[in-house]
Amino acid sequence: MCSHHNLAVLVSSPVSLSEESIAPTPTTQQDAQLGFEDTEPVDSSMQDFYQLYQELLVITLVLTGVIFISVWIAYSLNIALNYLLGACAGVLYLRMLAKDVERLGREKQSLSQTRLALLVGLILLASRLNQLQIMPIFLGFLTYKATLIIYVVRVAFISDSTKLRQP
């Protein structure tokens with residue numbers, strides 16, 4: 001994996017087979033001033049990733065609480081608890097996905113699919129036990145998807161409103 005510094009040198013300087021040294025380009029000088037000379041941009045990217053993960057987790061937990069109380073009021077405690085079981089599995093799935101993405105590039109080259117075993121196991125368990133209901137569990141699991149939709153819509157409206165304000 002190329003560092004930001006090496007990539008900037010490769011992109012901004014012509015290929016030369018001579019022995020003369022290549023003077024620093026404005027891009028590499030700017031990188032050195034910003035502190036990217038020896039570090040990879042992964043640090044700031046990982047900080048953005050952790051911030052995104054925390055935001056998605058908070059939105060998911062708030063959404064889960066609101067939906068749990070709504071389902072309890074509208075239906076019954078049993079159905080609300082089934083929903084909560086599925087939502088907890090969805091949060092666990094989101095956490096497993098975040099850990100998998102975190103390892104991507106450093107230790108692994110692709111995302112694993114073992115996270116889906118969590119949903120499959122939960123649905124199989126719900127189909128065997130009479131106390132559990134498949135639909136509320138499945139919809140609870142999909143709560144993290146609703147979080148992603150909320151996040152994307154919010155980001156789209158924020159970026160659209162900032163574009164409109166720019167001259």
Side-chain angles (χ1 to χ4, degrees), residues 1-8 10-11 34-36 38-164:
M1 185 159 37
C2 291
S3 69
H4 189 280
H5 173 72
N6 293 339
L7 184 60
L10 289 174
V11 171
L34 295 174
F36 290 125
D38 294 322
T39 60
E40 292 187 16
V42 174
D43 296 333
S44 66
S45 297
M46 289 309 291
Q47 287 176 342
D48 291 345
F49 169 74
Y50 292 132
Q51 184 179 3
L52 173 64
Y53 170 67
Q54 289 295 325
E55 187 175 350
L56 291 177
L57 189 61
V58 168
I59 294 171
T60 303
L61 293 175
V62 168
L63 196 58
T64 297
V66 169
I67 294 172
F68 172 75
I69 291 171
S70 301
V71 170
W72 188 0
I73 291 170
Y75 294 99
S76 69
L77 179 61
N78 186 34
I79 292 176
L81 290 173
N82 279 280
Y83 165 80
L84 187 61
L85 178 64
C88 289
V91 168
L92 183 60
Y93 180 87
L94 186 62
R95 180 166 165 69
M96 292 168 66
L97 179 63
K99 290 290 184 186
D100 209 18
V101 168
E102 184 180 24
R103 287 187 217 114
L104 191 64
R106 286 186 295 151
E107 302 168 16
K108 296 168 48 172
Q109 296 301 319
S110 64
L111 295 175
S112 67
Q113 298 298 323
T114 57
R115 295 178 311 278
L116 289 178
L118 177 68
L119 177 63
V120 171
L122 192 58
I123 296 298
L124 287 174
L125 181 68
S127 68
R128 298 285 183 209
L129 298 176
N130 291 334
Q131 294 87 1
L132 298 179
Q133 297 177 7
I134 294 174
M135 190 57 75
I137 290 174
F138 181 69
L139 293 175
F141 180 81
L142 293 179
T143 302
Y144 84 95
K145 292 283 191 180
T147 299
L148 295 175
I149 292 170
I150 290 170
Y151 177 79
V152 167
V153 167
R154 186 175 60 84
V155 168
F157 283 125
I158 288 173
S159 66
D160 283 347
S161 66
T162 57
K163 285 180 185 176
L164 294 175

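Remember, predicted model here, so these are calculated numbers, not experimental data.
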Show the atom names and distances, to 0.1 Å, of all donor-acceptor pairs under 3.5 Å that link a side chain in residues 57-73 to residues at least two apart or in another chain.
from, atom 1, to, atom 2, distance (Å)
T60, OG1, L56, O, 2.7
T60, OG1, T147, OG1, 2.9
T64, OG1, T60, O, 2.7
S70, OG, V66, O, 2.8

Assign the ring pair F141 / Y93 to parallel, tilted or perpendicular, where the plane angle (0 to 90°) is split at 30° and 60°.
-> perpendicular
Shortest non-hydrogen contact from L118 to A89?
-> CD2-O, 3.3 Å
Closest heavy-atom pair and its distance - A126, I137 = CB-CD1, 3.7 Å
Any chance OH of Y75 has more than 12 other-residue heavy atoms, nucleotides or ligands included, within less than 6.0 Å?
-> no
Any residue meeting side-chain hydrogen bond (donor to acceptor under 3.5 Å, both in side chains) with Y151, in chain and number order, not counting sequence neighbours | none
Per the side chain to side chain contact (heavy atoms under 4.5 Å, CB included) rule, which among L125, I123, N82 passes with I134?
-> I123
Pairs involving residues 115-140, ordered by first then second residue, that meet side chain to side chain donor-acceptor pair (under 3.5 Å) (sequence neighbours left out) = D100-R115
Heavy atoms, side chains only, cut-off 4.5 Å: are L124 and V120 in contact?
-> yes
When rounded to the nearest 0.5 angstrom, what is the spacing between CE in M135 and OH in Y83?
-> 14.5 Å
Taking the side chain as every heavy atom from C-beta outward, state whether R95 and K99 have any atom pair closer than 4.5 Å.
-> yes
